[in-house]
2 protein chains.
Amino acid sequence: MGHVTGDGTVGKALAVLDQVAAFGRPVRFSELLAQSDFPKPTLYRFVQTLTNQQMLAYDPDRQTYAPGVRLVRLAHAAWEQSTLAPVARPHVDALSKAVGETVHLAQLDNAQVLYIDKRNAANPVQMYSQAGKVGPAYCTGVGKVMLAFLDDAATEKVIAQQSFHVFTEYTLADADALRHELDEIRAHGYGFDREEHEPGIICIAMPILSEGGRVLGALSVTSTTNRTNLAGLEAYEPVLRETAAKIARDAQNWSFPDYETKEATGI
Amino acid sequence: MGHVTGDGTVGKALAVLDQVAAFGRPVRFSELLAQSDFPKPTLYRFVQTLTNQQMLAYDPDRQTYAPGVRLVRLAHAAWEQSTLAPVARPHVDALSKAVGETVHLAQLDNAQVLYIDKRNAANPVQMYSQAGKVGPAYCTGVGKVMLAFLDDAATEKVIAQQSFHVFTEYTLADADALRHELDEIRAHGYGFDREEHEPGIICIAMPILSEGGRVLGALSVTSTTNRTNLAGLEAYEPVLRETAAKIARDAQNWSFPDYETKEATGI
DNA sequence: AAACCTTGTTCCATTATTTGAAACTTGGTT
DNA sequence: AACCAAGTTTCAAATAATGGAACAAGGTTT
């Protein structure tokens, strides 16, 4: 009767997995139970099953559960197969070198922004700890440009799922403000983050669209108000647009020819 | 009657997820069906459910399934929470700087080696494409030292799951050869890879053990026969041992104090 | 040391969900 | 028009999930 999860047993089990991941730290069974809708034996069995399946890892010393190693292995496959990330990598590299600022590559995940790749101008890549991170869609450059180029039904569905927390004085605080912004973005073909998420942080963002106009992802160049301003970022628009086009083209023609690459790792 | 998966519906669904990941490329429903034990509607529903749950991503243009973005998000949590990886990071950095060779941090996943972190001496980190990778346990330095320090029952269970593919002329080709090698490793406290997995690639590996003697993971320093030899690698034994000890200590005392770190990302 | 928690684990009759053979739809091919 | 392959839906039978209750196992208090 009226469940949040849907998708039967599997959906429920995955909800438990999310719950553990959301804790951000190893968690005890009782902690999960306290904030769960499931009765004790049901939750217990889910946790057991997930642990058996290595989706959760149980630490017997501390009696805690944490997301398991199987996820890391699966995510490796996800990242390598996601048509965007591996195809985009050389282009993101080139863009990063060209602009000398932080570059992000993102996709839409549910109604959130998921960062798939990142180049930090200053300190060399530290990807795993950044890629995989999620952020709000309504107040980030990449989020807004992706929203702007979905079809109307999809856009509204995602808008309905935004929480509209006000981070700064520039944050778009409601659905109407966001809709208006999306119109602007559609008109220009790209968008900005005007310190909407964090004070002093600005960016220019470009959608990555397939030939058919489907949203594949988005690119952004980020900087700070100390170093530049929106007009300064706008100078990157041509190279951003070109990079997005190249990524879209390559993603289109991608057909996994180099399967079975015996990449030399050595332990 | 006699299933491989176990763990009910959830286990079966996750087996399908693994199957998709194992393809290494986006895959059609019919391809999955062809190599699946499940009847058509059953497999169909699993794929649907997993897609709903964003564990799989469906590409409508190509009619293919690939591992989904939710996995990347979950893996991010897994990596950050796995007691070893974040705790080990600074020590792995230091070790990498000290030895100037490729350094690997690994854990046991099922009966395989899972690389959790990596420092490449030459080109700066490219983690996501390396971490998450799995390798054989019986013919890698990290794999063997972890096996050596499991309890007997666990060791035998893992040995039984090895496939003993012969990669080079030095590969340990059967369980007995491996058992003998494990005895040696237990006697010394550390181990080598003598070109057992790839010609010209050698390493010295050190287990990371908790106070209670539980295997937490392993560290290795890898090089080539062009640059050095086993005696040369042995010079790294003290710093490796010390690093492993530091990681174990920190993993022990880790209690997630810095939860709620509002890390400044900016888009 | 007895009574009393709190946390984790097992039982088992009831209930709801998964299951899969068969039938059907869709789009492309002979 | 007939055919074929890939994907999707149906529905009664089989199976697996469910959760109230009762049971261990450590700890703490009286």
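Just so we're on the same page: letters track the sequence lines, and every chain starts at 1.
- Considering only residues two or more places apart in sequence or on other chains, A:Glu156 meets the side chain to side chain contact (heavy atoms under 4.5 Å, CB included) condition with A:Ile159, A:Arg179.
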- Message: How would you summarise protein contacts on nucleotides 25-30 of chain C per nucleotide, using B for base, S for sugar-phosphate only and - for none, with heavy-atom distances below 4.0 Å?
- Response: ------
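- Not a single side-chain hydrogen bond (donor to acceptor under 3.5 Å, both in side chains) links A:Tyr44 to another residue, sequence neighbours left out.
- For A:Tyr58 and C:dT7, the OH to P distance is 14 Å, given to the nearest whole Å.
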Which pairs, protein N/O on one side and nucleotides 18-20 of chain D N/O on the other, fall under 3.5 Å?
from   : atom 1 : to      : atom 2 : distance (Å)
D:dT18 : OP1    : A:Lys12 : NZ     : 3.0
D:dG19 : OP2    : A:Thr42 : OG1    : 3.2
D:dG19 : N7     : A:Arg45 : NH2    : 3.4
D:dG19 : O6     : A:Arg45 : NH1    : 3.1

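- Qualifying side-chain hydrogen bond (donor to acceptor under 3.5 Å, both in side chains) partners for B:Gln54, counting only residues two or more places apart in sequence or in other chains: A:Asn110.
- Distance CG (B:Leu43) to C1' (C:dA21): 16 Å, rounded to an integer number of Å.
- A:Lys12 and A:Asp7 are not joined by a salt bridge, as no carboxylate oxygen comes within less than 4.0 angstrom of a charged side-chain nitrogen.
- Residues forming a side chain to side chain contact (heavy atoms under 4.5 Å, CB included) with B:Gln162 (at least two apart in sequence, or on another chain): B:Ala111, B:Ala137, B:Tyr138, B:Val158, B:Phe164.
- Going from atom OH of B:Tyr44 over to atom P of D:dT10 covers 11 Å, rounded to whole Å.
- Taken residue by residue, residues 27-35 of chain A places no heavy atom nearer than 4.0 Å to DNA chain D.
- For the atom pair CG of A:Leu147 and OG1 of A:Thr140, the computed distance is 8.0 Å after rounding to the nearest 0.5 Å.
- As a whole-Å value, the separation of A:Asp59 CG from C:dG8 P is 13 Å.
- For the 3.5 Å distance criterion, the side chains of A:Asp250 and A:His91 qualify, holding a donor opposite an acceptor.
- Rounding to whole angstrom units, CD of residue B:Gln48 and P of D:dT10 are separated by 13 Å.
- For A:Thr64, the side chain to side chain contact (heavy atoms under 4.5 Å, CB included) partners two or more places apart in sequence, or in a different chain, are A:Pro26, A:Arg28, A:Asp59, A:Arg62.
- For A:Tyr190, the side-chain hydrogen bond (donor to acceptor under 3.5 Å, both in side chains) criterion is met by A:Glu234, not counting sequence neighbours.
- Applying the side chain to side chain contact (heavy atoms under 4.5 Å, CB included) criterion to B:Arg186, with sequence neighbours excluded, gives B:Ala148, B:Phe149, B:Leu182, B:Asp183.
- Remark: A:Asp151 engages no residue in a side-chain hydrogen bond (donor to acceptor under 3.5 Å, both in side chains) (not counting sequence neighbours).
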